[in-house]
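Notes follow the structure.
In listed order, ligands and their atoms are each counted from 1. Just so we're clear, the structure is a prediction, and the values are computed from it rather than from any experiment.
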Amino acid sequence: MTSLPLVFDAPKRALPPRHLADLDAAERRAAVAELGEKPFRAEQLSRHYFGGHSAEQMTDLTPAVRERLGVLLPELLTPVRAIDCDNGDTMKTLWRGHDGTLVESVLMRYADRTTVCVSSQAGCGMACPFCATGQAGLTRNLSTGEIVEQVVAATRTEAARAGRVSNVVFMGMGEPLANYNRVVAAVRRMVEPAPHGLGMSQRNIVVSTVGLVPAIRKLTQEGLQVTLALSLHAPDDELRNTLVPVNTRWPVSEVLSAAFDYTRTTGRRLSIEYALIKDVNDQPFRADLLAKRLKGKLVHVNLIPLNPTPGSEWDASPKPVEKEFVRRLRAAGIATTVRDTRGQEIAGACGQLAALN
Ligand code: SAH
């Protein structure tokens with residue numbers, strides 16, 4: 001097993017040009033005024049941007065105004081490639097940023113919802129050995145606009161087939177809570193009603209974290225009601241120190257206590273992510289220990305059959321082992337489901353995003 005250093009602070013790199021989605025409503029009005037336009041134009045422009053409209057659809061703006069305000073809508077992410085599977089219901093897009101940085105997002109259509117899985121950083125500094133993104137290290141933080149743009153792009157794709165994006169999960173590349181301010185601002189853009197944002201339901205947004213305790217505590221105070229997912233992967237420190245290296249800083253008991261406090265304050269059920277790795281973390285005693293640590297809490301366990309990553313010798317647990325793990329958790333009264341392995345064939349499943357061109 002490789003051991004990479006933990007990186008909390010992204011390397012200093014030039015952020016992309018300022019974009020409307022980086023700004024809140026008041027800042028947008030100021031930016032529009034600076035460009036010599038009436039502040040109400042900010043709302044018109046926002047409605048078009050979050051509505052996924054093309055320049056031609058901005059008919060309430062004259063070409064001259066459109067051109068002047070166009071600087072607030074720079075192209076942040078250029079699509080490099082899109083590949084799909086599941087008859088087109090899972091689609092992974094590779095994007096190139098202004099500085100050549102590559103990131104990926106994944107769109108997943110289900111019978112009852114359409115989810116976009118977004119990246120919050122290019123690469124990741126958390127060094128989890130079973131995750132392809134973690135193995136590549138951290139390139140830089142994404143800007144608020146770059147995060148929002150992944151959702152707006154998916155909105156456009158869906159609108160073209162009379163659909164809509166209902167859910168967002170921060171489960172793509174990166175550790176969202178290591179890019180805290182931009183991620184929280186992006187969440188606000190997603191939930192703000194039109195014309196200021198995408199008008200999504202907070203309940204349909206999931207922020208997934210390795211467990212940066214101070215950031216979880218800060219998030220608890222934001223007054224948001226997004227779902228928190230904690231990538232636990234082991235109920236004991238000895239094993240979790242190796243699977244999620246940040247555990248050496250904030251151990252299981254501390255991270256669970258911060259996550260339970262989030263749940264208590266927000267009323268949202270905590271989601272525990274647990275990738276089942278053959279002969280590593282899938283033993284019956286670990287299922288029992290996990291159940292013990294979660295007992296009586298507002299929590300749901302999401303087991304993820306390990307997705308293969310290049311160079312890793314680890315495998316998913318055999319089905320009977322997985323079944324027994326589920327049985328023990330449920331017998332202890334813990335709500336448990338097994339996540340589907342959507343997107344495996346296109347290296348678009350959990351932990352497989354490496355943004356290789
Ligand atoms: N950094 C955040 C966001 C990534 S979310 C976090 O760790 O929570 C992606 C989820 O997929 C995390 O729970 C992650 O641990 C999990 N994952 C990573 N590699 C995986 C793999 N190879 N198979 C299954 N799940 C994996």
Checklist entry - Does one side chain, of Q221 or Y262, offer a donor that lies under 3.5 Å from an acceptor on the other? => result no
Next on the checklist: I need the atoms of ligand 1 closer than 4.0 Å to a non-hydrogen atom of I304, numbered in the order shown.
Outcome noted: 24 (C), 25 (N)
Checklist entry - When you measure from atom 9 (C) of ligand 1 to every protein heavy atom, which one gives the shortest distance, and what is it? => result M171 O, 3.7 Å
Checklist entry - Would one find an N or O of T309, backbone or side chain, under 3.5 Å from an N or O of ligand 1? => result no
Item to check | CD (E238) with more than 12 external heavy atoms under 6.0 Å | outcome: no
Item to check | R13, CZ atom: more than 12 neighbouring heavy atoms under 6.0 Å | outcome: yes
Checklist outcome for this item: When distances are taken from atom 4 (C) of ligand 1, the protein heavy atom at minimum range is G172 O, 3.8 Å
Checklist entry - Pick from H48, R28, R29: which one makes a side chain to side chain donor-acceptor pair (under 3.5 Å) with E43? => result R29
Checklist entry - Where is the nearest protein heavy atom to atom 14 (C) of ligand 1: which residue, which atom, and how far? => result H233 NE2, 3.8 Å
Next on the checklist: Using the rule side-chain contact (heavy atoms from CB on, under 4.5 Å), only one of V244, V213, I216 pairs with W250; which is it?
Outcome noted: V213
Item to check | L306, portion touching ligand 1 at heavy-atom distance under 4.0 Å | outcome: both
Item to check | Contact atoms of ligand 1, heavy-atom distance to F170 under 4.0 Å | outcome: 3 (C)
Checklist entry - Salt-bridged, R188 to E192, with N to O below 4.0 Å? => result no
Next on the checklist: Taking 4.0 Å as the limit for heavy-atom contacts, which would you say applies to L230 with ligand 1: side chain only, backbone only, both, or neither?
Outcome noted: neither
Next on the checklist: Counting neighbours of CD on E222 that are heavy atoms of other residues, nucleotides or ligands and sit closer than 6.0 Å, is the number greater than 12?
Outcome noted: yes
Item to check | For C131, atoms of ligand 1 separated by under 4.0 Å from a heavy atom | outcome: 18 (C), 19 (N)
Checklist entry - Is M126 in contact with ligand 1, taking contact as a heavy-atom separation below 4.0 Å? => result no
Checklist entry - Hey, is Q352 one of the residues with a heavy atom under 4.0 angstrom from ligand 1? => result no
Item to check | N/O separation below 3.5 Å, G174 to ligand 1 | outcome: yes
Checklist entry - So, N307 versus Q344: side-chain donor-acceptor pair below 3.5 Å or not? => result yes
Item to check | Close approach of A132 to ligand 1, heavy atoms, under 4.0 angstrom | outcome: no
Checklist entry - Can a non-hydrogen atom of W314 be found less than 4.0 Å from any atom of ligand 1? => result no
Checklist entry - In the protein, which heavy atom is nearest to atom 6 (C) of ligand 1, and how far is it? => result S231 OG, 3.3 Å
Checklist entry - Under 3.5 Å, is there a donor-acceptor pair between the W95 and T78 side chains? => result no
Item to check | Protein contact to atom 19 (N) of ligand 1 [nearest heavy atom, distance to 0.1 Å] | outcome: G351 CA, 3.0 Å
Item to check | ring-ring contact (aromatic ring centres under 6.0 Å, His included) between H19 and Y49, intermediate numbers included | outcome: CA-CA 11 Å; H19 188 281; Y49 175 66; 4.7 Å; yes
Checklist outcome for this item: atom 23 (N) of ligand 1 sits nearest the protein heavy atom N307 N, 2.9 Å
Checklist entry - Are N302 and R339 close enough that a side-chain donor and a side-chain acceptor fall under 3.5 Å? => result yes
Item to check | Any side-chain donor near an acceptor of the partner, S231 and E273, under 3.5 Å | outcome: yes
Checklist entry - Among protein heavy atoms, which lies nearest atom 10 (C) of ligand 1, and at what distance? => result E273 OE2, 3.7 Å
Checklist outcome for this item: among protein heavy atoms, the one nearest atom 11 (O) of ligand 1 is C350 CB, 3.3 Å
